[in-house]
There are 2 protein chains.
Amino acid sequence: MNVIEINKALSNETRLKILNWLKSPEENFPPHKDLGHFNDGVCVQYIKEKTGLSQSTISHFLSLMQKAGLITPTRHGKWTYYKRNEQMIKSYLQYLSKEL
Amino acid sequence: MNVIEINKALSNETRLKILNWLKSPEENFPPHKDLGHFNDGVCVQYIKEKTGLSQSTISHFLSLMQKAGLITPTRHGKWTYYKRNEQMIKSYLQYLSKEL
DNA sequence: AAAACATATCGATAAATCTCGATTTATAAA
DNA sequence: TTTATAAATCGAGATTTATCGATATGTTTT
């Protein structure tokens, strides 16, 4: 776990929002047409639409968050779904509580 | 409390270290010649020496951390002492634990 | 009042981040 | 096998951050 990398990932309004939206996808995104669930998270397209930023920017943001370990991608056909990595988030919070 | 501002302040190795050193000044810094205690924290000079960075950079870093609310300055004569703002740090951790 | 010292601010350059549109890659549909 | 769609990567300009030396400000000592 790289705390600085995580803090950087969390130093942006949009990325914080994305992480928050992913806590309850059913409340924040329309249902996926192919899958009937959010088990693997939400596709890039929906996240892009909700933020209003460009596809490349969102892809980049998700990549940053993934490298920091905050989210995990799963590929289903041509879609990539991203979901929160609760284990990493928990470890991060525990670390901060101790070390900060 | 501005979470993004705080996260930015915590996105740098040196600044994280400073915040950590300030948890136990007696273990990390020499005693102040004028005061016999660390009640108001540590002077800029000592922090500068411990990091090896320039005076202006350290002053700038401390200013960033202060604006984020993480530390508090106290002036004693020509020295400025900085100490942790435990209340803000606690609020920040509580916020993260809930909202992240 | 002048000199010395600690800190803050200014100005500048290099590096990193933000954001976009264009292109490429991977997969699915026709 | 061509076409369409989703996502990733590339290249670039604008903005922000890192870092320094020089200068300014405030305080103390001489």
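Quick note: numbers below take in every heavy atom, side chains included, and nothing from hydrogens, waters or symmetry partners. In what follows, chains carry the letters A, B, and so on, assigned in the order in which the sequence lines appear, proteins first and then strands, with residues in each chain numbered from 1.
As judged by a 4.0 angstrom heavy-atom cut-off over every strand, A:Leu53 is placed among residues touching the sugar-phosphate backbone only. Nucleic acid contact class of A:Ser59 (heavy atoms, under 4.0 Å, all strands): base. Within the 4.0 angstrom heavy-atom criterion, base atoms lie near A:Thr57.
Where B:Tyr81 and A:His76 each meet DNA chain C at their nearest nucleotide, the meeting point lying more 5' is that of B:Tyr81. Looking at which nucleotide of DNA chain C each of A:Arg75 and A:Arg15 is closest to, the 5′-most match is held by A:Arg15.
Side-chain atoms of B:Ser63 do not come within 3.5 Å of backbone N or O of B:Ser59 as any donor-acceptor pair. When atom types are taken as modelled, the side chain of B:Ser11 and the backbone of B:Asn7 share a donor-acceptor pair closer than 3.5 angstrom. Between the side chain of A:Asp40 and the main chain of A:Tyr81, no donor-acceptor pair closer than 3.5 Å is present.
Between the CZ atom of A:Arg15 and the CD1 atom of B:Ile4 there is a distance of 9.0 Å, given to the nearest 0.5 Å. Note that the CG atom of A:Leu35 and the OG1 atom of A:Thr74 stand 10.0 Å from one another [nearest 0.5 Å].
Within residues 31-51 of chain A, no residue is approached by DNA chain C to less than 4.0 Å at the level of any non-hydrogen atom.
The NZ-P distance, from B:Lys78 to D:dT29, rounds to 6 Å in whole Å.
Think of the region where chain A sits on DNA chain C: with heavy atoms and a 4.0 Å cut, that region ends 5' and 3' at C:dT17 to C:dA28.
Of all heavy-atom pairs between A:Ala9 and A:Leu70, the closest is CB-CD1, 3.9 Å.
Side-chain to base pairing of A:Gln55 with D:dA6: no donor and acceptor N or O lie closer than 3.5 Å to each other.
Ring orientation note: the planes of B:Phe29 and B:Trp21 are nearly perpendicular, at an angle over 60° on the 30°/60° scale.
Counting only heavy atoms from C-beta outward, the side chains of B:Leu10 and B:Tyr92 approach each other to under 4.5 Å.
Here A:Tyr82 reaches the OP1 or OP2 of D:dA8: one of its side-chain N or O atoms lies under 4.0 Å away.
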